[in-house]
Number of protein chains: 2
Amino acid sequence: MGVSLKDIAERAGVSLATVSNVVNGYRPVGERTRQRVQQAVDELGYSPNLSARHLRRGRTGLIALAIPELTNPYFAELAEIAIREAAGLGYTLVMENTAADGDAERLLLDGSRRQTIDGLILSPVRVGRAEVLDRRAGNPLVLIGEGVYDTPYDHIAIDNVAASHAAIRHLVAIGRRRIAFLGAPPGDDRQSAQLRLRGYREALDAAGLPFRPQLVARTDGFDRTEGRRAMGDLLALDEPPDAVFGYNDLVAIGALRALTEAGRRVPEDVAVIGIDDIEDGRYGNPTLTTIAPDKEAIGRLAVRRLVARIEGTPVTGPLTVQTPFRLIRRESTGGPTT
Amino acid sequence: MGVSLKDIAERAGVSLATVSNVVNGYRPVGERTRQRVQQAVDELGYSPNLSARHLRRGRTGLIALAIPELTNPYFAELAEIAIREAAGLGYTLVMENTAADGDAERLLLDGSRRQTIDGLILSPVRVGRAEVLDRRAGNPLVLIGEGVYDTPYDHIAIDNVAASHAAIRHLVAIGRRRIAFLGAPPGDDRQSAQLRLRGYREALDAAGLPFRPQLVARTDGFDRTEGRRAMGDLLALDEPPDAVFGYNDLVAIGALRALTEAGRRVPEDVAVIGIDDIEDGRYGNPTLTTIAPDKEAIGRLAVRRLVARIEGTPVTGPLTVQTPFRLIRRESTGGPTT
C-alpha cells in the first residue's frame with residue numbers, strides 16, 4: 001500500500017539515509033539501529049521495489065532455504081527466523097522441501113533453480129561431502145545442520161557430539177544408568193544421527209557406563225510415529241532403559257506417548273530428553289527436557305552469510321560456525337512444573 | 001542427476017507420451033495414471049527443464065502459498081501437500097509467511113511479487129472482502145480458509161459453521177452442558193473465528209443450552225501459549241466449563257496443558273475438542289479429539305485451480321468449493337487409547 005522509505009524512517013526514528021543503507025545494503029549499519037529499521041519494515045509491511053534493484057544487478061532477489069522435513073516444527077521455527085532476516089536484507093526467502101530425498105538435494109546443489117534463486121541454504125541429509133564438493137553450480141551455498149562437514153562453503157551448525165554429551169551428563173547426574181539412544185539411523189546415511197550416537201557412546205564411556213547395543217533403538221525416520229514405535233521395542237526388552245535420549249524432540253515426544261500408553265511414569269520409571277526445543281515439547285504432559293540449539297543464531301547467520309556471498313561483501317570469522325546450545329530441564333527429567 | 005522422461009516412464013510403467021502429457025500438461029491424463037507418474041517423478045527427483053518451458057510462455061514456474069502462521073503445523077501439513085501437487089503439475093511452490101499481517105497480505109494481493117510468481121494462493125486473515133475485490137494485480141488468485149467469502153476468485157474452505165456444529169453436538173452427546181469456546185477473536189478481524197463462534201452459538205441453541213458470554217474466552221492469537229492462558233481464565237470462573245471447544249488444535253493443546261497444571265482430569269472434569277487434526281494432537285497425553293478438515297483435498301484443489309487459471313484451462317465446478325471434514329474422537333472426549 002505504498003509504504004515508503006520515509007514512512008519507515010519516521011516509524012524507526014532514524015534518517016532516510018540510514019533506512020536506505022539498511023534496506024539497500026549500501027553501507028553497514030549498527031546492529032541496534034538495523035534492528036529498529038527492520039522492525040519498522042516488518043510492522044509497515046514494506047516491500048521495496050526489489051525486482052528492479054535486483055534485476056539491475058542480475059539477481060532475482062529470491063534465496064531458497066531447502067529443508068528435509070517441512071512438518072518438523074524445528075524447521076518451521078528456523079524458517080520463520082530466516083524469513084525475517086532475509087526480508088531485512090531485501091531478499092525473499094523461498095522454502096523448498098527436499099523431503100530428505102537425495103535426488104532433490106542433488107538437483108538443488110547442481111543449480112536446477114539457478115535462474116530463479118540467487119543462492120541456497122541447504123540442510124543436507126542424503127548427500128555427502130563428496131557430492132557437495134562435486135557440485136556443478138557455482139552459485140552461493142550455505143550449509144546448515146550436521147549432514148556435511150569440511151567443504152569450501154559456509155556451514156552453520158551446533159556441535160552434535162558436545163550436545164549429546166550434555167544430554168547424557170544430565171541423565172547420569174539424575175541417577176540414570178540404563179540410558180537408551182532413540183533414533184539411530186537405519187544405514188549410515190544420516191550423518192547427524194551418527195554424530196549424536198557417537199556423542200552418546202563417548203559420554204557413557206566418560207561416565208563409566210557400559211555401551212549396550214540393545215539400548216540403541218533404530219528408527220526409520222525421525223518423527224513421532226517412529227519414536228513411539230521404537231520406544232515400544234525398548235519397553236519389550238528384558239531390562240528396559242531407565243532413561244531415553246531421543247535423536248530429536250519429535251522422536252522423544254513419540255516415546256513419551258508410548259510410555260503413557262504402557263502405563264510407565266515419566267520421569268520416575270523412564271526419564272526422557274530430546275534435542276531441538278520445539279514448542280510442542282513445552283506444552284506436553286509431561287513437558288520435555290531438551291537440548292536447545294540457538295535457532296535465532298543459526299537462522300540469522302545462515303542468511304547473512306548467504307547474502308554476503310551473493311553481494312560479494314567481506315565475511316569475517318571462520319567458514320564453519322558452531323552456534324551455541326543449552327540444556328532446558330523440564331518435567332520429563334524431573335524439572336519444574338509451571 | 002539427468003533424470004529423463006524415459007526414466008520416469010520406465011519407473012511408472014507407462015508410455016513416454018503419457019509422461020510428457022502429465023509433466024508438460026499437454027493433455028489430460030486419468031487420475032490413477034497421473035498419480036503413478038507423479039510418484040515416479042517424486043521418487044526419481046525429476047526436475048524438468050521448467051525454466052525454459054515457462055519462460056517461453058512468459059511465466060516463471062513459481063507459485064506462492066501465503067500462510068499466516070508458518071509455525072502452525074496445520075499450514076506445514078497443508079503446504080507439504082500443495083508442494084507435491086504443484087511439482088506434479090510442473091510448478092515450484094514457494095511459501096510466503098504473512099505472519100497474519102494486513103500490509104503483508106495487501107502487498108501480495110496487489111502484486112508486489114508479480115515479476116517472480118505466476119499466481120498466488122492466499123489464506124487471508126486481516127484483509128476483508130472489499131480489499132480482495134479492490135486488488136490492483138490481475139494475476140491469478142485462489143483463496144483458502146475462512147477469511148473472505150463471495151469474491152470472483154476460486155475459494156477452497158471447509159464449512160466453519162457446520163464444523164462448529166459437529167464439535168458441539170459431540171460434546172452435548174457425551175453429556176456436557178457448560179461448553180466453553182476458546183479462541184474468540186479480540187476484535188472482528190478474524191472472520192474464521194467469528195464463523196466458528198457463530199456455529200457454537202447456533203449449536204448450543206439447537207441443543208437447548210443457554211449461551212453464556214463468560215464461557216467465551218478471547219485469545220490474542222491462536223497458539224498454545226494463548227490457549228493455555230485463556231484456559232486459566234476459564235478455570236478461575238465460579239462455575240468453570242465441563243467442556244472446551246478450541247478455535248484450533250493449538251489453542252486446545254494449550255488448554256490441555258493448563259488443565260494438567262491445574263490438576264483437572266480430561267475428559268472427566270473437562271472434555272476438550274479442537275479443529276485441524278495436526279499430528280501433535282495424536283501424540284499428546286491425552287490425545288486430542290478434533291474436527292479434521294480434508295487437508296489433502298484443500299491443498300490439491302487450491303493448486304489445481306490456480307494452475308488452471310494460470311494456464312487458461314477450463315475449470316469445472318463452482319468457484320467456491322467446500323471441502324469435507326470429519327470428527328475424530330480421541331481420549332480428550334473419552335475416545336479410545338491408542
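This structure is a prediction, so every number in the text was calculated from the model and none was measured. The figures here come from the full heavy-atom set of this structure, side chains too, leaving out hydrogens, waters and symmetry mates. Chain letters run A, B, ... following the sequence lines, proteins first and then strands; every chain starts at 1.
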Just wondering, do A:E43 and B:D101 contact through their side chains at under 4.5 Å, heavy atoms? no
What part of B:L93 is in contact with chain A, defined as an atom under 4.5 angstrom from a non-hydrogen atom: side chain, backbone, both or neither? backbone
Heavy atoms of B:I83 and A:N97 approach each other most closely as CD1-CB, 4.0 Å
Not counting sequence neighbours, which residues clear side chain to side chain contact (heavy atoms under 4.5 Å, CB included) with B:T289? List them please. B:H170, B:I273, B:L327, B:R329, B:R330, B:S332, B:T333
Nearest-0.5 Å distance, CD of residue A:E261 to CG of residue B:N285: 9.0 Å
Pick one of side chain, backbone, both or neither for A:L256, based on which atoms fall under 4.5 Å of a heavy atom in chain B. neither
I need the residue from B:E80, B:R282, B:E105, B:R84 with the largest number of non-hydrogen atom pairs under 4.5 Å to chain A. B:E80
State, yes or no, whether a side-chain contact exists between B:Y283 and A:T225 at a heavy-atom distance under 4.5 Å. yes
If you apply the rule side chain to side chain contact (heavy atoms under 4.5 Å, CB included), what do you find for B:T287 with A:R257, and how did you get there? CA-CA 9 Å; B:T287 53; A:R257 179 65 200 162; 3.4 Å; yes
When the 4.5 angstrom heavy-atom criterion is applied to B:T71 and chain A, the contacting part is both
Quick one: do B:R228 and A:E279 make a salt bridge, cutoff under 4.0 Å? no
Any B:M95 side-chain heavy atom under 4.5 Å of A:V94 side chain: no
